[in-house]
Amino acid sequence: MNHSNEEKEPRKSLNFIESIIEEDLRNNKNDSRVHTRFPPEPNGYLHIGHAKSICLNFGLAQKYNGKCNLRFDDTNPTKEEQEYVDSIMEDVRWLGFDWEDRLFYASDYFDQLYAWAEKLILDGKAYVDDQPAEEISRQRGTPTRPGIESPFRERTVEANLELFRRMKNGDFPDGSHVLRARIDMASPNMHMRDPVLYRILHTPHDRTGDKWCIYPMYDFAHGQSDYLEGITHSICTLEFEIHRPLYDWFLDNLIETEYRPRQIEFARLNLSYTVMSKRKLLELVKEGYVSGWDDPRMPTVTGLRRRGYTPESIRNFADRIGVAKRDNVIDVALLEHSIREDLNRKALRVMGVLDPLKIVITNYPEGKSEELEAVNNPEDESMGRRVIPFSREIYIEQGDFMEDPPRKFFRLSPGNEVRLRYAYIIKCEEVVKDADGRIVELRCTYDPDTRSGGPAANRKVKGTIHW
RNA sequence: UGUCCGAUGGUGUAACUGGCAACACGUCUGAUUUUGGUUCAGAAGAGUCCAGGUUCGAGCCCUGGUCGGACAACCA
């Protein structure tokens, strides 16, 4: 006998990131803090794929009583614009998340990053390379062949330091020098073959102005930024997986504390029939194929918003698709299901005719009109009712009438009846056409007893249409 | 001839320290319905990439393959 009728806790299963976090928590890693971040580069508008990442990062912070920062990864002034940072903040807020006072920019850390670069030079772990990009690229080898070392790799610390300072001071033109980490040109991981740390860019930065003409690369900025912000779990997409050894290398060589952020990768969202690449979306906007980033056909957050998606529906969607490391293509039908589910519950219903076809109800008295009552939301009576005027002449949707209907057509056709929603059952008696044979009007009769609430209101007909 | 990652119904995601493969979307059937929606009831659909091994027992562990993805910007 089962004395305790308690069932086994249905215990919601954890995704792989939650499992990692819970293990870290059990081990009291990083003082059992959970601190994530959403780190977009402000070079475009956010799309539904970013929404997945936002829901993930902010959601994890909420679930584990932690925090989530918003950080702009603005290390490349040639691609970034204020318009994008504004839109990103708006979209994140609209989705329902709050970074509170934790709004950061990678550019906030340029001084510290620069100091770290000098430290690497002093430790003999970084050097200035005078070769052009093409040469460096050539020397890097291929994934299956080791690279060769730069002729500048053995420069003295003093020479490197002086050169790097001159780079910073603007003594050199773009592309003439870079600072590189001195790691291993034979590494099977391409990213460990003396990656570039700093490049010269005589381009003013939206936030630092003319202060800098050298800018750190993503790899040199990201992990350290995570560190500076106290991030514990740095969640990014799969393509950065191979960068992880480098992410760890900088931390290992730059900091001495026990605390360390950890990079975790997940598979980005792909949606069926949907273009998601930032580059292509930018092209659609720039070439004028769409009206803008908020064109309702765009998969951007702002486009979805304009299209009528709610934040709740997108959050539910993000929840439902889960998170894993295998490549995936989510059926867009799931996104659509999410918005229908939400809107069905809370959208106000009204009737509207987009493509009108005139109806004259021949047995309805001329000059008469009456007021009919309609519910605003059949799913929720508390949303109230409204009154709609009805008279001898009304309009229905062209598509709701077919002169020669196929077998399963349930709407209006010659000699057939339909119900006008919230009104009467009408019957099509005559089709009026113009000289070109186009249907311009339908002459119908109505059954006065079938008004909603009336004596024959329950009489069934196959179809109900709006008007 | 490299390194890293992945492989479970049509699509996604689960299966807690190995124990009858579950949930959602989609599809199909039926009922209800004043919009072919919603709601409700039900069904079909995978034996977990392959081959070995360990085990009473493997989707989970081990070995070896196969297939797919990522990596050769002074992009992120």
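Just so it is clear: chains get the letters A, B, ... in the order the sequence lines come, proteins before strands, and each one is counted from 1. The model shown is predicted, which means the values in this text are computed figures rather than measured ones.
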Describe the nucleic acid contact of [X] in one word from base, sugar-phosphate, nothing, applying a heavy-atom distance below 4.0 Å.
{"X": "A:Ala221", "value": "nothing"}
{"X": "A:Phe409", "value": "base"}
{"X": "A:Val461", "value": "nothing"}
{"X": "A:Lys408", "value": "base"}
{"X": "A:His337", "value": "sugar-phosphate"}
{"X": "A:Arg193", "value": "nothing"}

Quick one: do the A:His222 and A:Arg37 side chains pair a donor with an acceptor below 3.5 Å?
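On atom types as modelled, these side chains qualify, holding a pair under 3.5 Å.
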Any donor-acceptor pair under 3.5 Å linking the side-chain atoms of A:Glu370 with those of A:Tyr364?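 The criterion, which ignores hydrogens and geometry beyond distance, is satisfied for A:Glu370 and A:Tyr364.
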[X] and [Y] ion-paired at < 4.0 Å:
{"X": "A:Arg155", "Y": "A:Glu162", "answer": "no"}
{"X": "A:Glu417", "Y": "A:Lys462", "answer": "no"}
{"X": "A:Asp380", "Y": "A:Arg349", "answer": "no"}
{"X": "A:Glu229", "Y": "A:Arg102", "answer": "no"}
{"X": "A:Arg71", "Y": "A:Asp226", "answer": "yes"}

*Positions of residues 145-153 of chain A (non-hydrogen atom under 4.0 Å from RNA chain B), listed by number*: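 Nucleic-acid contacts, sorted: none.
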Going by modelled atom types, is there a donor-acceptor pair between the base of [N] and the side chain of [X] at under 3.5 Å?
{"X": "A:Glu379", "N": "B:rG37", "answer": "yes"}
{"X": "A:Ser452", "N": "B:rU34", "answer": "yes"}
{"X": "A:Arg320", "N": "B:rU11", "answer": "no"}

Give a yes/no answer on whether the side chain of A:Arg349 brings an N or O atom under 4.0 Å of OP1 or OP2 in B:rU38.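 Answer is no, no contact under 4.0 Å.
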Item to check | Interatomic distance, A:Ile235 atom CD1 to A:Ile21 atom CD1 [nearest 0.5 angstrom] | outcome: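 Result: 5.5 Å between the selected atoms.
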Note to self: Measuring only the P atom in each nucleotide, how far is B:rG30 from B:rG37? A whole number of Å is fine.
What the structure shows: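 Between the two P atoms, the distance is 13 Å.
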**Prompt:** Rounding to the closest angstrom, what is the interatomic distance between B:rG64 and B:rG18 at atom P?
**Reply:**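 Straight-line distance between the two P atoms is 22 Å.
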Exercise. Hey, what's the ring geometry for A:His177 with A:Phe172, parallel, tilted or perpendicular (30° and 60° as the breaks)?
Worked result: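 Taking A:Phe172 first and then A:His177, their aromatic rings sit tilted (interplane angle of 30° to 60°).
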A correct 5'-to-3' footprint of nucleotides 40-48 of chain B, with B, S and - meaning base, sugar-phosphate only and no protein heavy atom under 4.0 Å, is ---------
With B for base contact, S for sugar-phosphate-only contact and - for none (protein heavy atoms under 4.0 Å), nucleotides 65-76 of chain B reads ----SBBBSBBB
Next item on the list: Using whole Å, report how far CG of A:Asp400 lies from P of B:rU34.
Entry: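 After rounding, the gap between these two atoms is 17 Å.
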